[in-house]
Amino acid sequence: MIIAMANRGCAALARLALVFGVLALGVACRSSEPAAPARTTAPGPRPSILLVTLDTTRADAIGPDAVGIETPAFNALAARGARFTQAYAAVPETLPSHATMLTGVLPAAHTVHENARPVPPTTEVAAERLRKAGYRTAAFVSSFVLARQFGLARGFDVYDDALPRESAERTARETTDAAIAYLAQRAPQPQFLWVHYFDPHYPYTPPEPYRSRFPGKPYLGEVAAMDVELGRLVAAFEKGMSGPAAVVVVGDHGEGLGDHGEALHGNLVYQSTMRVPLVVVGPGVAAGVHDAPVSTRRIFHTLADWAGTPESLSLRHPVTEVVLGEAMKPFLEYGWQPQVMAVSGRHKSILAGRVEIYDVVADPGETRDLAAEKRTSPPVPAALRDYPVPSPAASRPPANLDESARKALASLGYVSATAAPNVRKGAPRPADMVRLFDVIEKASGLFVAGRYAAAIPLLEGILAADPFNLDAALRLATAHSSLGHDAKALGMFRRAAEISPSSPDVRVYLALHLARTPQWEQAVPMLEKVVADSPDRLPALEALAKLRERQERVGDAVVLRERIYTLRAPTATELSELGELQMGLGRTGPAIEAFERAKAAAPNRFAHDFELGLLYLDARRFADAREALDRVGPAHPEYPMALFKRAQVSVLLNEPDRQARIQRARQRADATTRPLIEREKLFEGMR
Ligand SMILES: [Zn+2]
């Protein structure tokens, strides 16, 4: 594997990723070229295409070979089409796996190795290709992990990522209903419809009667219930199409269910999570069972091929390939060994610190490591060695992931590390750390929920088992800081600095800690340096903006706030605060703009009509000033001033009751407004 250096610039990294992406693809393409035959049928009219992705669905939990479950809808498709018994996801996590299926390239090329990193706009996605080819395109997804902000919505005329209130997912039944309602609107052109089901994802809560039908096996109950919806969807799709139709059903990754010590998915690259169900039905696809390994990235090429742009990697052609996959999450989050797999024929090699080799046909449970006795065919060691490993520093979550997005992801079990990890030689192999997966997940969930006291003992356990885990050290330090344990926090920050002396993250979190303490002035130069080095780092910008206000450097605070609000949307309260700061600086126009935005964002909570009235008056917008000041009630502490200003406005607008308004301002005058009223030129000759 090639490990990119942590401090490479973004552009250089993108270039590298592209070069490596091409190299890695080269492995598959070279071996494929001689094997690509002519089409099995002549090209007819282009089919409408239904792509169904089944989240978290193990290959052995669905289809004619599944044990302990009947999945008639999937089986009916398998009987009519090509079923691939050795289909592999590129990544055992939802977004990166879908990104590969829908772009046709491996993560090094599309740069998404984990959830919550958006697919870059420069990468072509299948819907763009199909729409350009004249297709009407629509997608219905069932989890926040695939929400439009993560980059897969491009090219879709309709991208339905609507989820029930207060939920980060919806059921296959709800998603199918939405898709069928869409299909009822007939269209003359061919259609591309992508439907994503999320049900088998943890927690396993199948509806009745599947809950009772699968006692003790709720995961299978979820798959069985989803299969019913699959049948309903396929029937509606095929009934609605006048021309030819094609259907692809594929898993995005499996589920550990305890295999190799992994309960869920994302941390290891064994068959339970990497091998997925795949069935392809459509023009040019002969029915039958295919046992050669294939990558689900070829779904992109298959869709493009049907749409009239031929692709040699289309699943319509038998292609011999070395199938590559990765699970970089433990590397990117904790600095453990990067994991890459390469499947060729019946053998699967895994590189994670050392190489393991399994005969996945004879030994699908991967219980017998053949590395000592078996040599792999030549392209495999090269594919593993040349596989591009991402740079942890370059693959951080986007800075503009807001609080609600972070919470939605956390509710699905996806919590990113707080810091780029400490990459080191001799780092643990993820397969040797399985006992920590659960603890890390629990600790992260508690931490994100702000339950610091409950998170601390778990984080201490993680750090004891993995003493170089920078994420655990920083979370511990931050948890102590949030609870006001200043000495413990500082001790843990020292520990984090020992783990990773050059980590910019340690400096950021230490500065954020100091900003909360009486020593806050020490944080200022630290935050200034962080913001100078990485101008998009939100928490540092936010902390520095607050400290600038404490320093009474209001102009600087305003500049920082304006930068923050280009990175994430401001709340109504923040807009009002910005208006007050701008007003304090005497900037009438910007102050009006901020208050007007605050009012538009939350009209019922807006409490700055008095300020807005003064600003409008200053801007000579008298009618607006009248309206704003009329909304200031007698309970407002500045009510006498509001009456005085309202009287001025009344004179300026030449209102018939101006005399009465001046009178009223006099009656309710206080020590501040009385002399102002007596000296007011506008009121002269009006008593
Ligand atoms: Zn998934």
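The shown structure was predicted, so the numbers you read here are calculated from the model rather than taken from an experiment. Each ligand, and each atom within it, is numbered from 1 in the order the structure gives.
The Zn ion (ligand 1) sits nearest to atom OD1 when only the N, O or S atoms of D55 are considered. Take the N/O/S atoms of H253: the one nearest the Zn ion (ligand 1) is NE2. Taking the N/O/S atoms of D252 in turn, the shortest distance to the Zn ion (ligand 1) belongs to OD2.
Residue pairs meeting the ring pair (Phe, Tyr, Trp, His ring centres under 6.0 Å) criterion with at least one member in residues 57-104, sequence neighbours excluded, are F84-H290, H98-W194, H98-H196. Applying the salt bridge (Lys or Arg N to Asp or Glu O under 4.0 Å) definition to pairs two or more places apart or across chains, those involving residues 254-278 are R58-D259.
For T94, the nearest N, O or S atom to the Zn ion (ligand 1) falls under 2.8 Å. Not a single N/O/S atom of E93, whether from backbone or side chain, sits less than 2.8 Å from the Zn ion (ligand 1). For a distance bound of 2.8 Å, the N, O or S atoms of H201 include none lying that close to the Zn ion (ligand 1).
A parallel orientation is assigned to the rings of Y270 and H260, their planes being inclined by less than 30° (bins at 30° and 60°).
There is no side-chain donor-acceptor pair under 3.5 Å between R297 and T100. Of the N and O atoms on the side chains of T103 and T123, not one donor lies less than 3.5 Å from an acceptor on the other residue.
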